[in-house]
Amino acid sequence: MKKIIYIAGYGRSGSTVLDIKIGEMVNGLSTGELGFFFRDVSKYSSSRCSCGESYYACEVWGRVFEKESFNSKVEEINRRCFMSPAFVAPYYWLKILLNGAVPSKKRLNNGTIKILDEAFLASPSGVVIDSSKTAWFCYKRPLYLKKLGYEVIVVHITRPLDDVLSSVSKGDNKVLMGDRKKEKFFKILRAKVSYFFSNKKAEKLSEEVPYLKVSQIDLKNDETATLEKINEFLKGAGLGACDHERGGAAHLVGGNRLKYKQVK
């Protein structure tokens with residue numbers, strides 16, 4: 001069975017760094033926020049793979065667009081996956097009135113599977129690390145992937161709320177990367193609500209899949225001990241012996257500006 005190590009929790013908590021570290025540990029493919037692949041491709045002009053290439057030109061993700069009809073579905077799938085909940089019902093009714101149908105679940109499944117198929121082909125060990133986390137749009141993703149037939153192993157990274165809010169106050173990643181001109185309204189309040197929501201949903205995953213919680217503070221202060229803890233957990237979850245010195249591949253998706261500095 002294909003294994004996905006899923007990094008859960010809230011953003012600004014060190015998930016990108018942890019994604020890369022685990023990828024190196026298990027000789028896997030670090031994919032970053034893979035749940036936002038459709039959004040990044042269809043919406044944000046500056047988004048690109050951490051290898052430095054656009055998604056279309058990337059040696060891994062570029063192959064996704066070679067699949068028949070996949071490219072034409074990106075924008076429609078993006079609307080279905082990431083529109084505001086307030087517009088979901090009107091959108092469905094409009095689609096029914098105009099076309100007699102709505103985007104099918106099968107179509108969404110096919111899009112997800114095509115992306116993951118390329119990720120597993122590019123992974124040196126056949127293990128993929130996905131750090132989409134468990135905020136509003138992706139909190140069901142780990143169980144969704146499990147239902148699609150993948151073996152999902154969750155590492156939940158946490159960070160003190162004060163530290164997260166300090167990071168949020170420095171600016172939105174999309175603004176800093178030039179894809180959005182203005183900051184979000186009520187960003188501190190939004191961050192507080194999302195922080196508690198994301199971590200609560202991450203903890204619930206312990207009831208469904210192998211689960212480990214780690215602290216960003218511990219990872220920062222004693223990286224060796226924290227990685228060893230994760231290493232033992234992953235071995236217990238059936239990944240076999242993990243070597244910290246192997247060094248996996250990385251083609252990170254998502255809007256974290258740090259990914260371009262972390263992977264060269």
Side-chain angles (χ1 to χ4, degrees), residues 1-9 15 19 22-23 26 28-42 49 55 58 60-83 85 88 92 101-156 198 201-212 233-234 237-239 248-254:
M1 184 179 289
K2 295 177 179 178
K3 297 179 185 292
I4 297 175
I5 300 173
Y6 194 92
I7 300 177
S15 59
D19 190 329
I22 291 179
V26 302
L29 177 70
S30 295
T31 64
E33 299 170 328
L34 197 56
F36 295 93
F37 182 88
F38 296 119
R39 181 197 68 177
D40 276 12
V41 169
S42 62
C49 177
Y55 293 128
C58 171
V60 175
W61 309 126
R63 294 197 296 266
V64 172
F65 299 99
E66 296 172 3
K67 306 295 184 182
E68 184 178 359
S69 301
F70 183 83
N71 193 27
S72 64
K73 297 175 182 176
V74 167
E75 189 171 346
E76 182 177 6
I77 294 172
N78 172 66
R79 288 197 299 267
R80 165 63 178 84
C81 290
F82 296 104
M83 68 169 58
V88 169
Y92 269 112
V102 295
S104 68
K105 191 169 184 178
K106 180 179 180 182
R107 188 179 300 173
L108 297 177
N109 289 355
N110 288 343
T112 299
I113 290 171
K114 285 176 182 177
I115 294 170
L116 285 169
D117 281 347
E118 296 303 333
F120 280 108
L121 286 174
S123 171
S125 65
V127 177
V128 167
I129 303 90
D130 182 347
S131 56
S132 299
K133 298 177 284 298
T134 43
W136 303 101
F137 293 122
C138 281
Y139 74 94
K140 290 186 177 180
R141 182 172 173 80
L143 299 183
Y144 173 66
L145 294 174
K146 182 181 177 182
K147 287 181 180 179
L148 289 178
Y150 301 102
E151 182 175 345
V152 180
I153 301 164
V154 169
V155 178
H156 175 193
S198 301
K201 291 299 182 181
E203 290 171 353
K204 288 286 290 182
L205 293 173
S206 64
E207 302 172 4
E208 304 285 345
V209 295
Y211 167 93
L212 175 71
F233 164 71
L234 294 177
L239 280 175
H251 286 271
L252 278 69
V253 170

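Bear in mind that the values here come from a model prediction, so they are computed numbers and not experimental data.
Legend: residues meeting ring-ring contact (aromatic ring centres under 6.0 Å, His included) with Tyr211, ordered by chain and number and at least two apart, are His156.
The heavy-atom pair separating Phe233 from Pro210 by the smallest distance is CZ-C, 3.7 Å. Minimum heavy-atom separation, Ala122 to Arg63: CB-NH2, 4.2 Å. Between Ser131 and Asp19 the shortest heavy-atom distance is OG-OD2, 2.8 Å. When all heavy atoms are compared, the tightest approach of Ala8 to Ala202 is CB-CB, 3.7 Å. Smallest separation of non-hydrogen atoms from Cys58 and His251: SG-ND1, 3.3 Å. Listed here is the closest heavy atom pair of Phe37 and Ile115: CD2-CD1, 3.4 Å.
Residues Ile4 and Ile153 form no side-chain contact, since every pair of their non-hydrogen atoms from C-beta on lies 4.5 Å or further apart. In this structure, Leu29 and Val127 have side chains that are not in contact, with every pair of non-hydrogen atoms separated by 4.5 Å or more.
Heavy atoms of other residues, nucleotides or ligands lying less than 6.0 angstrom from NZ of Lys204 number 12 at most.
Among Val128, Val152, Ile129, Val154, the single residue meeting the side chain to side chain contact (heavy atoms under 4.5 Å, CB included) criterion with Ile5 is Ile129. No option in Leu34, Val64, Leu121, Leu148 other than Leu34 meets the side chain to side chain contact (heavy atoms under 4.5 Å, CB included) test with Leu116.
Classification of Asp117 and Lys2 as a salt-bridged pair holds, one side-chain N sitting under 4.0 Å from a carboxylate O.
Rounded to the nearest 0.5 Å, atoms CH2 (Trp61) and CG (Leu252) are 9.0 Å apart. The structure places OH of Tyr144 at 9.0 Å from OH of Tyr150, a figure rounded to the nearest 0.5 Å. Here Thr112 contributes atom OG1 and Arg141 contributes atom CZ; the two are 6.0 Å apart, rounded to the nearest 0.5 Å.
Not one N or O on the side chain of Lys201 forms a donor-acceptor pair closer than 3.5 Å with the backbone of Cys138. When atom types are taken as modelled, the side chain of Tyr6 and the backbone of Val155 share no donor-acceptor pair closer than 3.5 angstrom. Distance alone, capped at 3.5 Å, is enough to place a donor-acceptor pair between the Ser132 side chain and the Gly35 backbone.
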Go through Thr31 and Asp130 one step at a time and tell me if the side-chain hydrogen bond (donor to acceptor under 3.5 Å, both in side chains) criterion holds. CA-CA 5 Å; Thr31 64; Asp130 182 347; 4.5 Å; no
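Between Phe65 and Tyr55, the distance separating the two ring centers is not shorter than 6.0 angstrom.
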